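What follows is a short report on a single structure.
In each ligand, atom 1 is the first atom listed, and ligand 1 is the first ligand listed. When reading the values below, keep in mind they use all heavy atoms of this one structure, side chains included, and skip hydrogens, waters and symmetry mates. Keep in mind the model is a prediction, meaning the values are calculated, not measured.
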Amino acid sequence: MKNGETTVVIDGLWGDGGKGKIGAHICHYEDYDCVVRAGTGTNAGHSTQLNAEEELRTNQLPVAGILTNFRTGKLPLLAIGSGVCVNPDVLVKEIEQLKKYKISERIIIDEKCPVIEPRHIEAESKGAAYSEGHTGSTKSGTGACRMSRVERTGLLARQVDELKCLCGNVAEILNRAYDNGEKILIEGTQGHFLSLYLSPEYPVVTSDNCTVSAFIDDVGLAWNRVDQVCMIVKSAPTRVSQGCGNLPGEISKEEILRRGIAEYGVTTGRLRRKTLQIPFDLIAEAVMINQPTYFALTFCDHVDQTFHSGCLPDHITREDLKAYPKTYANLRELEKRFGVPVKYIDYGKLFTDITVVVD
Ligand code: IMP
Ligand code: MG
């Protein structure tokens, strides 16, 4: 019997690198059967700008599986793994907003998912541990929900009326799908250096690890069923609030605005702090722990400002990328230092502003 194929998408730094967009691109152009969201909960916002009018933006659903496959027109199965905290209001709202993509007909929530209750959101809105200066939390209730789970006092998805009809056993579905030769994409959230137990930056971290191993654990897929790991490397890395973690080479707010490269959090709307340098020594640690099989180099237009939307063909050679010196230098450094190819270059706001590196 033919084995399946699993791709895990993760971010090598602090998140907001475009996992949703790259994942959506992979699923749209390759033939994926199941797309599953891993990660902590609704704290992470994933988005992709389809065109001038339409942006797909979620905090709960896996954004990568919303679109149809461009060749077959197929809509993949969508799932949320049992390690992911679910906010029923957020989920129901997203399913409704994305009605035209028939989400309700193809989404399965693991029946054991922890449920974010109003008391969790309230606890985070008041708790000192969740202040701007301490962890920079998004206050989505995710961390407090995980605490209830650890205390074994929290609700599970199967106990909530709005969720019951969407519940299933995601681990079983995925492992069976793999045995049946299907393709699975695991959409991780946040970034390696927000990992609770592995990041040196505690307490400016989230409420679980953000690694490949953590993500396959979140969805219950066996370790030997991971085939590809796509690591996102953001050319212009960002971090949240002032005082929340070091950002080597950080530029001023004025410079961010002057260059027109401001970014605001999908969940919180806060202006991100930013640098124009990739911290390669940190990437080395993320590579060691997550073993990517390829990189996606994103936000290249923020460092090479001669890129403009639609300026590149669907495929590009390394030679042709020399016209974009900072991007070419980043690509060379990643490939030389880690022996891992850069497969995707993201160079603009739109979903279509991604090119595949060939030769
Ligand atoms: P929490 O998980 O919302 O409590 O946030 C803990 C830390 O992770 C804070 O520094 C957040 O800013 C950061 N964080 C959580 N989700 C994201 C994300 O999607 N992108 C970037 N940072 C995040
Ligand atoms: Mg977990």
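If you chain together hydrophobic residues whose side chains sit under 4.5 Å apart, Phe295 and Tyr328 fall into the same group. Hydrophobic cluster membership is shared by Phe215 and Val287, with clusters built from Ile, Leu, Val, Met, Phe, Trp and Tyr side chains linked at under 4.5 angstrom.
Using a 4.0 Å cut-off between heavy atoms, Thr206 contacts ligand 1 through both its backbone and its side chain. Within the 4.0 Å heavy-atom criterion, the part of Arg270 lying near ligand 1 is the side chain and not the backbone. Residue contacts with ligand 1 for Thr138 involve both N, CA, C or O and side-chain atoms from C-beta outward (heavy atoms, distance under 4.0 Å). By the criterion of a heavy-atom distance under 4.0 Å, neither the backbone nor the side chain of Thr189 is placed next to ligand 1.
Heavy-atom distances between Leu194 and ligand 1 reach below 4.0 Å in at least one pair. Residue Asp16 places a heavy atom under 4.0 Å from ligand 1.
Within Asp218, the N, O or S atom lying nearest to the Mg ion (ligand 2) carries the name OD1. The N, O or S atom of Asp208 lying closest to the Mg ion (ligand 2) is OD2.
Using a 4.5 Å heavy-atom cutoff, the side chains of Leu78 and Ile108 are not in contact. In this structure, the side chains of Val357 and Tyr344 stay at 4.5 Å or more apart for every pair of heavy atoms.
Those atoms of ligand 1 with a heavy atom of Trp14 less than 4.0 angstrom away are 21 (C), 22 (N). The Thr135 neighbourhood of ligand 1 comprises atoms 7 (C), 9 (C), 10 (O), with distances under 4.0 Å to a heavy atom of that residue. Interface of Val205 with ligand 1, defined as ligand atoms under 4.0 Å from a residue heavy atom, comprises 6 (C), 7 (C). The atoms of ligand 1 that sit less than 4.0 Å from any heavy atom of Val240 are 10 (O), 12 (O).
Considering backbone and side-chain atoms alike, Gly15 places every N or O at 3.5 Å or more from each N or O of ligand 1. Backbone and side-chain nitrogen or oxygen atoms of Ser137 are examined, and one is located within less than 3.5 angstrom of a nitrogen or oxygen of ligand 1. An N or O contact shorter than 3.5 Å is missing between Ser140 and ligand 1 by distance.
At a cut-off of 2.8 Å, Asp217 is not counted among the residues with an N, O or S atom near the Mg ion (ligand 2).
Looking at His134, Arg272, Gln190 and measuring to atom 15 (C) of ligand 1, the nearest heavy atom belongs to Gln190.
Formation of a donor-acceptor pair under 3.5 Å by the Arg146 side chain with backbone atoms of Ser207 is found in this model.
Checking His192 against Asn290 by side-chain atom types alone, a donor-acceptor pair falls below 3.5 Å. A donor and an acceptor atom, one from each side chain of Thr42 and Gln60, are nowhere located under 3.5 Å apart.
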TODO: Show the numbers, then the answer: is there a side-chain hydrogen bond (donor to acceptor under 3.5 Å, both in side chains) between Glu94 and Thr58?
DONE: CA-CA 7 Å; Glu94 289 181 1; Thr58 66; 4.5 Å; no
Test log, rule salt bridge (charged side-chain N to carboxylate O under 4.0 Å, His left out), inputs Glu250 and Lys274: CA-CA 5 Å; Glu250 182 174 348; Lys274 203 170 183 90; over 6 Å; no
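In this structure, Glu111 pairs ionically with Arg158, as a charged nitrogen and a carboxylate oxygen lie closer than 4.0 Å.
When the options Asn175, Asn3, Thr6 are evaluated for a side-chain hydrogen bond (donor to acceptor under 3.5 Å, both in side chains) with Arg225, the one that passes is Asn175.
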